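Predicted, not measured: the structure shown is a model, and the values here were computed from it. In listed order, ligands and their atoms are each counted from 1.
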Amino acid sequence: MKKSKGRPAIAEGQKIAGAKTRFDRPRVAVAIMAAGKGTRLKSQIPKVLHEVAGKPLLEHVIRAAVRIAAPTDVYAIIGYEAERVRQAMQPTGINFVLQADQRGTGHALMVARDALSGYDHVIVLSGDAPLITPETISSLLDFHLDQHASMTLLSADLANPTGYGRVLRKGASSAEVQAIVEEKSASLAQKKIHEINSGFYCFLGKDLYGNIDGLSTDNPHSEYYLTDMAGVLRRARKRVVAWKTSNPGEVLGGNTRAELADIDHFLRMAKARQLMTDGVTIYYPATCVIDADVSVAPDSVVEPYVQLLGTTRIGAGCRVRSYSVIRDCEIGDNVIIRPGCVMSESRIGARAEIGPYTHLRPGSDIGEGAHLGNFVETKKIKLGKGSKANHLTYLGDAEIGAGVNVGAGTITCNYDGAHKHKTVIEDEVFVGSDTTLVAPVHVGKGAYIAAASCITDDVPRDALALGRARQVLKEGWAAQKRAEKKS
Ligand code: UD1
Ligand code: CA
């Protein structure tokens, strides 16, 4: 590396004079309210575990949160089916606080007092509003810090504000907020306000916990409303402000099944648009279901009614035809997937051709240029380069070499009722149609298996194996039978 003149090089990790260290920054926690049951969903599954774009609502919110703070400074407040929620979100590495009885959003923050009161600022997010972006949270925090506010809420103008809390500003052009009034308690005039409370906030930690005991349950739901902190802090002569987002779509919550469908559609379309921007052709994108973590390389074509799920990765120049459902698969370049294929946890090499109606079950590793056709099912197999199994076949627990032809109707009998056994077929073997291979069995390189054979013993290299009864012929038998029937 060239040394720059005049200045000494800075060693890694060395403090640079004038730059802020992490100790200069205020300590910020993110609390995610996720304890509610979600009564309006009429479900056994807790609301925050309902999925949009293939992931639970709460996971979307956590993903945004950990872009703002370290996972160790993120706290999900959980209650309804808490253990189930905690287990599902454990891999994110965040903390959990239990709100055993769910007595409102204000109560959620009360029970988190021990966890949160050591922080300078507390950002509060809703576990049921998954469209929030790290950029918006960050802007909210910046505004809160600039304003030296005790409470800053994120607001939005909605064409239809029904159901949301309304923001009562001190004056039309004032940043300051007088109070938030919930739909159920709002007067007719207040219901006409279109500026709504999004359910995202920043609090000055010491003011939040210095005043939270001022909340009461004097409202139609008899709950502690976090929204009432606006009024409580105002009365304590603290500064309460609102920052209005220009992306009202980000505040939408999934309180009902219809709202979940709207959010899912929004996220799916955003994903499809991103892939199209990146060079993928998608016909009728609104009919496709593509999860957030899926990747597709340029010049691949996705036909209508395709589902690409989980961590599926598709190479360049592929074509995925209609009605295929692909989960957690890795697909090379220039692969053709014909209509109606179902595949999961499998790998497909470049230039392979699959389908129509092929079922790849977990652990299928399909070699370059291989062909799998109609009604072929595979599980835990390795299929070599250029090998073919084109019709009506089951291949399970098998290792199949390159250049192998597997005839129509071939079956690996891999299960003896108690244990699974392996079939090995070496390179360039020809397996005649309607062969059953009773595992464990080994077929040597270049061997030839006659059609309709039941192969129970190993076949050596270059041999012919016949495993069926010799044909019997009875001349005139059928004609005689017909004559007997007539008389
Ligand atoms: C809340 C706001 C409302 C705002 C709206 C935006 C209150 C009182 N109202 O209403 O002003 O317009 O969000 O979406 O806050 N939760 C807990 N513990 C509880 C109760 C709720 O953790 O005891 C969680 C829920 O799981 C949910 C979040 O808090 O993730 C919001 O609760 P929810 O009941 O959905 O509030 P909204 O009626 O939507
Ligand atoms: Ca809500």
Side-chain angles (χ1 to χ4, degrees), residues 31-41 43 45-50 52 56-62 65 75-82 84-86 89 96-112 115-116 124-132 151 153-158 160-168 177 179-186 190-191 193-201 203 212 215-232 242 244-245 248-256 258-260 262-263:
I32 306 173
M33 299 181 293
K37 177 174 193 279
T39 314
R40 289 165 276 180
L41 291 173
S43 176
I45 303 164
K47 168 155 78 171
V48 293
L49 290 189
H50 276 260
V52 290
L57 291 171
L58 180 55
E59 194 178 328
H60 289 273
V61 182
I62 292 173
Y75 299 80
I77 301 162
I78 55 177
Y80 180 74
E81 289 269 14
R84 194 166 163 183
V85 176
R86 195 185 60 78
M89 295 299 127
F96 299 90
V97 173
L98 182 68
Q99 183 193 13
D101 296 320
Q102 295 91 53
R103 296 165 65 198
T105 46
H107 181 248
L109 270 291
M110 287 177 183
V111 302
L116 300 175
V124 178
L125 308 179
S126 278
D128 65 345
L131 298 178
I132 192 71
M151 173 180 183
L153 63 99
L154 181 71
S155 74
D157 278 331
L158 291 191
N160 177 12
T162 311
Y164 287 90
R166 309 299 207 284
V167 178
L168 310 184
V177 169
I180 301 168
V181 56
E182 289 302 295
E183 171 90 18
K184 281 231 163 120
S185 317
Q190 288 167 337
K191 280 185 181 158
I193 298 173
H194 285 259
E195 187 178 14
I196 62 100
N197 166 38
S198 68
F200 301 104
Y201 318 85
F203 287 95
I212 199 165
L215 291 179
S216 79
T217 55
D218 183 17
N219 54 56
H221 281 123
S222 304
E223 287 186 348
Y224 293 104
Y225 286 168
L226 187 58
T227 46
D228 286 346
M229 279 307 290
V232 168
K244 197 192 285 182
T245 171
E250 280 186 29
V251 310
L252 297 179
N255 300 296
T256 62
E259 285 173 358
L260 287 176
D262 287 345
I263 294 170

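- Contacts of His221 with ligand 1, taken as heavy-atom pairs under 4.0 Å, are absent altogether.
- At least one N/O-N/O distance between Ala35 and ligand 1 falls below 3.5 Å.
- Near Lys47, the atoms of ligand 1 lying under 4.0 angstrom from a non-hydrogen atom of the residue are 35 (O).
- Listed by number with element, the atoms of ligand 1 under 4.0 Å from a non-hydrogen atom of Arg103 are 23 (O).
- Glu223 has its side chain out of reach of Thr217: every pair of non-hydrogen atoms, C-beta onward, lies at least 4.5 Å apart.
- A distance of 5.5 Å separates CG of Leu58 from CD1 of Ile32, quoted to the nearest 0.5 Å.
- Of the inter-residue distances, the one linking Tyr164 atom OH with Asn255 atom CG reads 6.5 Å to the nearest 0.5 angstrom.
- The residue Ile196 has no part lying near ligand 1, judged by heavy-atom distances below 4.0 Å.
- Considering only heavy atoms from C-beta on, Phe203 comes within 4.5 Å of Leu226 through its side chain.
- The two residues Pro56 and Val48 have their closest heavy-atom pair at CB-O, 3.6 Å.
- Summarising the geometry, atom CD1 belonging to Ile196 is positioned 8.0 Å from atom CG belonging to Leu154; distances are rounded to the nearest 0.5 Å.
- Atom CG of residue Leu125 and atom NE2 of residue His60 lie 14.5 Å apart, to the nearest 0.5 angstrom.
- Side chain of Asp228 to backbone of Val232: no donor-acceptor contact under 3.5 angstrom is found.
- Contact annotation for His107 and ligand 1: no heavy atom of the residue comes within less than 4.0 Å of the ligand.
- If you look at Ala34 next to ligand 1, the close heavy atoms, those under 4.0 Å, all belong to the backbone.
- What sits closest to atom 13 (O) of ligand 1 on the protein, heavy atoms only, is Gly199 CA, 4.4 Å.
- Of all the heavy atoms in Ile212 and Met229, the pair that sits closest is CA-SD, 3.8 Å.
- Contacts of Ala129 classified as side-chain contact (heavy atoms from CB on, under 4.5 Å), with partners at least two apart in sequence or in another chain: Ser126, Phe200.
- Nearest heavy atoms, Glu183 versus Gly163: OE1-N, 2.7 Å.
- Residue contacts with ligand 1 leave out Arg166, since none of its heavy atoms falls under 4.0 Å from the ligand.
- Residue-level proximity to ligand 1 for Glu223 is absent, since no heavy atom of it falls below 4.0 angstrom.
- Around the Ca ion (ligand 2), the protein N, O or S atoms found under 3.0 Å comprise Asp128 OD2, Asn255 OD1.
- Annotation: Thr227 places no N or O atom under 3.5 Å from an N or O atom of ligand 1; distance criterion only.
- The shortest N/O to N/O separation between Tyr164 and ligand 1 does not fall below 3.5 Å.
- Rounding to the nearest 0.5 angstrom, the gap separating the CG atom in Leu109 from the OH atom in Tyr224 is 14.0 Å.
- Protein heavy atom at the shortest distance from atom 11 (O) of ligand 1 is Glu182 OE2, 2.6 Å.
- For atom 29 (O) of ligand 1, the nearest non-hydrogen atom from the set Met33, Lys184, Glu183, Arg40 belongs to Met33.
- Ligand 1 has no nitrogen or oxygen under 3.5 angstrom from a nitrogen or oxygen of Tyr225.
- Atom 26 (O) of ligand 1 has its closest protein heavy atom at Gly36 N, 2.8 Å.
- Pairing each heavy atom of Gly79 with each of Leu98, the nearest pair is CA-CD1, 4.3 Å.
- Heavy-atom contacts of Asn255 reach the following atoms of ligand 1: 35 (O), 39 (O) (cutoff under 4.0 Å).
- For the atom pair CG (Leu260) and CG (Leu57), the distance works out to 5.5 Å, reported to the nearest 0.5 Å.
- Comment: Glu81 does not engage Lys37 in a salt bridge, judged by the lack of any side-chain N to carboxylate O separation of less than 4.0 angstrom.
- Put simply, the side chain of Glu195 does not reach to within 4.5 Å of the side chain of Val177, judged on heavy atoms.
- When atom types are taken as modelled, the side chain of Arg166 and the backbone of Lys191 share a donor-acceptor pair closer than 3.5 angstrom.
- For ligand 1, the atoms lying closer than 4.0 Å to a non-hydrogen atom of Gly127 are 30 (O).
- Nearest non-hydrogen protein atom to atom 15 (O) of ligand 1 is Thr105 OG1, 2.8 Å.
- Nearest protein neighbour of atom 12 (O) of ligand 1, counting heavy atoms only, is Asn197 O, 2.6 Å.
- At least one side-chain heavy atom of Arg86 sits less than 4.5 Å from a side-chain heavy atom of Ile78.
- Among all non-hydrogen protein atoms, the one lying nearest atom 18 (N) of ligand 1 is Gln99 OE1, 2.7 Å.
- Without hydrogens or angle criteria, Asn160 side chain to Thr162 main chain gives a donor-acceptor distance under 3.5 Å.
- In this structure, atom 20 (C) of ligand 1 has protein heavy atoms in its sub-4.0 angstrom surroundings.
- Under a 4.0 Å heavy-atom criterion, Ser198 is in contact with ligand 1.
- Taking any N or O of Ser126, backbone or side chain, none lies under 3.5 Å from an N or O belonging to ligand 1.
- For atom 36 (O) of ligand 1, the nearest protein heavy atom lies 4.0 Å or farther away.
- Ligand 1 is never approached by Ala129 to a heavy-atom distance shorter than 4.0 Å.
- Judged purely by atom type and a 3.5 angstrom limit, His107 uses its side chain to pair as donor or acceptor with the backbone of Asp101.
- For ligand 1, one of its N or O atoms has an N or O atom of Gly165 under 3.5 Å away.
- When each atom of ligand 1 is checked for a heavy atom of Gly104 under 4.0 Å away, the hits are 18 (N), 19 (C), 20 (C), 23 (O).
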